[in-house]
Amino acid sequence: SSDLKDLEGQLEKLAALMDKLSKEIEQAQADVAETKVQIKKASEVREGENTEFQTTVADQRATQTILAKALMRLKDFYKKGIGKKVLTLAQQTPPVKFNKYKKNAGASPVMGLIEQIVEDSEKLVSEATSAEYEAQKDYEKFVKDSNGVIDELTTAITDKTKRHFNWKDRKSTRLN
């Protein structure tokens, strides 16, 4: 009768352990699924950020091209001596705040303003490129770390599944 109580005690412990392993396996599987969802969401966000970056750079480069052509025409205008009169700009607040205007000797205020806008545009492209690089680096680290978590959870699931079935097999063998 003592042996029977010992066996029943062991069976209860094994049943409790199997139940615990089953719950841990379920939780690990849920964590794997959630991590995969987070990777997918991060990929979608990253794709959107990259698209925005590409648009910003394309817009700024187009702006730089247009302004370079305008600047060239103005320079030609002043070199030919057609524009002996100095162009003056009406005082008004610009819709966008740019860096402080720098005077160019022998050039119109318009040319100086265009040159400043081109510099600001180039700076924006440089900053956007740096931010894009950092965002991509952070994204790649996140995916690598997340895949590491998935690998660890998958290994834990495999190990716990093996233990679960080994104890289940041992339990059924002892009962027969």
Side-chain angles (χ1 to χ4, degrees), residues 1-68 93-101 114-176:
S1 177
S2 167
D3 288 340
L4 183 58
K5 284 184 182 181
D6 287 343
L7 284 174
E8 287 174 349
Q10 286 181 358
L11 286 174
E12 286 176 20
K13 286 180 185 177
L14 283 175
L17 184 57
M18 286 175 55
D19 186 49
K20 179 183 173 197
L21 286 173
S22 292
K23 288 178 182 172
E24 288 175 356
I25 290 168
E26 282 179 33
Q27 183 60 51
Q29 288 170 334
D31 291 347
V32 166
E34 177 59 25
T35 303
K36 287 180 180 179
V37 167
Q38 293 303 319
I39 289 172
K40 184 177 181 189
K41 285 180 182 178
S43 295
E44 291 169 356
V45 167
R46 185 70 204 102
E47 188 176 316
E49 290 172 343
N50 182 263
T51 299
E52 185 177 329
F53 164 74
Q54 296 293 337
T55 301
T56 298
V57 169
D59 289 350
Q60 291 305 310
R61 290 196 174 138
T63 299
Q64 292 168 19
T65 300
I66 291 167
L67 291 176
T93 306
V96 177
K97 182 80 174 165
F98 295 105
N99 292 337
K100 188 160 175 78
Y101 168 73
I114 290 172
E115 288 170 345
Q116 187 61 53
I117 293 170
V118 170
E119 284 180 30
D120 290 345
S121 177
E122 289 169 348
K123 183 179 177 187
L124 178 64
V125 168
S126 176
E127 290 170 354
T129 301
S130 293
E132 171 68 10
Y133 173 77
E134 285 300 315
Q136 182 64 27
K137 193 170 84 170
D138 292 346
Y139 166 74
E140 288 172 3
K141 183 181 181 327
F142 170 76
V143 170
K144 181 181 177 188
D145 292 348
S146 296
N147 283 328
V149 168
I150 289 172
D151 290 345
E152 289 174 14
L153 289 168
T154 302
T155 300
I157 289 168
T158 302
D159 292 346
K160 289 176 183 187
T161 300
K162 285 179 185 175
R163 288 175 56 196
H164 182 271
F165 284 111
N166 283 343
W167 283 317
K168 192 174 181 181
D169 291 343
R170 286 171 49 195
K171 178 181 166 187
S172 64
T173 305
R174 287 184 178 165
L175 290 176
N176 291 333

**Message:** Working to the nearest 0.5 angstrom, can you tell me the gap between I25 CD1 and T161 OG1?
**Reply:** 3.5 Å

**Message:** Quick one about Q60 and Q64 (side-chain donor to acceptor, distance below 3.5 Å, no hydrogens or angles considered), yes or no?
**Reply:** no

**Message:** Any carboxylate oxygen within less than 4.0 angstrom of a Lys/Arg side-chain nitrogen, looking at E134 and K137?
**Reply:** yes

**Request:** For T154 and I150, indicate whether the former's side chain and the latter's backbone hold a donor-acceptor pair under 3.5 Å.
**Result:** yes

**Message:** Test salt bridge (charged side-chain N to carboxylate O under 4.0 Å, His left out) on K41 and E44; report intermediate values, then the result.
**Reply:** CA-CA 5 Å; K41 285 180 182 178; E44 291 169 356; over 6 Å; no

**Asked** Is any NZ, NE, NH1 or NH2 atom of the basic residue among R163 and D159 found under 4.0 Å from an Asp or Glu carboxylate oxygen of the other?
**Response** no

**Prompt:** If you measure from NZ on K123 to CD on E119, what distance do you get to the nearest 0.5 Å?
**Reply:** 10.0 Å

**Minimum heavy-atom distance between S43 and Y139, given as atom pair plus value** = OG-OH, 2.6 Å

**Request:** Would you give the length of the straight line joining atom NZ of K40 to atom OG of S146, rounded to the nearest 0.5 angstrom?
**Result:** 15.5 Å

**Request:** Could you walk me through whether T55 and D59 pass the side chain to side chain contact (heavy atoms under 4.5 Å, CB included) test, one step at a time?
**Result:** CA-CA 6 Å; T55 301; D59 289 350; 3.6 Å; yes

**Prompt:** For L153 and V32, which heavy atoms make the closest approach, and how far apart are they?
**Reply:** CB-CG2, 3.5 Å

**Request:** Determine, step by step, whether E47 and N50 satisfy the side chain to side chain contact (heavy atoms under 4.5 Å, CB included) criterion, reporting the C-alpha distance in whole Å, the side-chain angles of both residues, the deciding distance to 0.1 Å, and the verdict.
**Result:** CA-CA 5 Å; E47 188 176 316; N50 182 263; 5.8 Å; no

**Side-chain donor-acceptor contact under 3.5 Å, Q116 with D120** = yes

**Any I39 side-chain heavy atom under 4.5 Å of N147 side chain** = yes

**Fill in**
The reported gap from CD in Q38 to CG in D31 (rounded to nearest 0.5 angstrom) is 11.5 Å

**Asked** About how many Å separate NZ of K23 and NZ of K160, when rounded to the nearest 0.5 Å?
**Response** 13.0 Å

**Item:** Side-chain heavy atoms of Q54 within contact of T51, under 4.5 Å
**Value:** no

**Request:** Measure the CG-CD distance between D19 and E24 for me, rounded to the nearest 0.5 Å.
**Result:** 10.0 Å

**Message:** A quick test of your reading: do over 12 heavy atoms of other residues, nucleotides or ligands sit less than 6.0 Å from CD of E122?
**Reply:** yes

**Request:** Please report the closest heavy-atom contact between A42 and F142, naming both atoms and the distance.
**Result:** CB-CE2, 3.5 Å

**Prompt:** Have Q136 and E132 got a donor and an acceptor in their side chains that come within less than 3.5 Å?
**Reply:** no

**Asked** Less than 4.5 Å apart, any side-chain heavy atom of R46 and any of E49?
**Response** yes

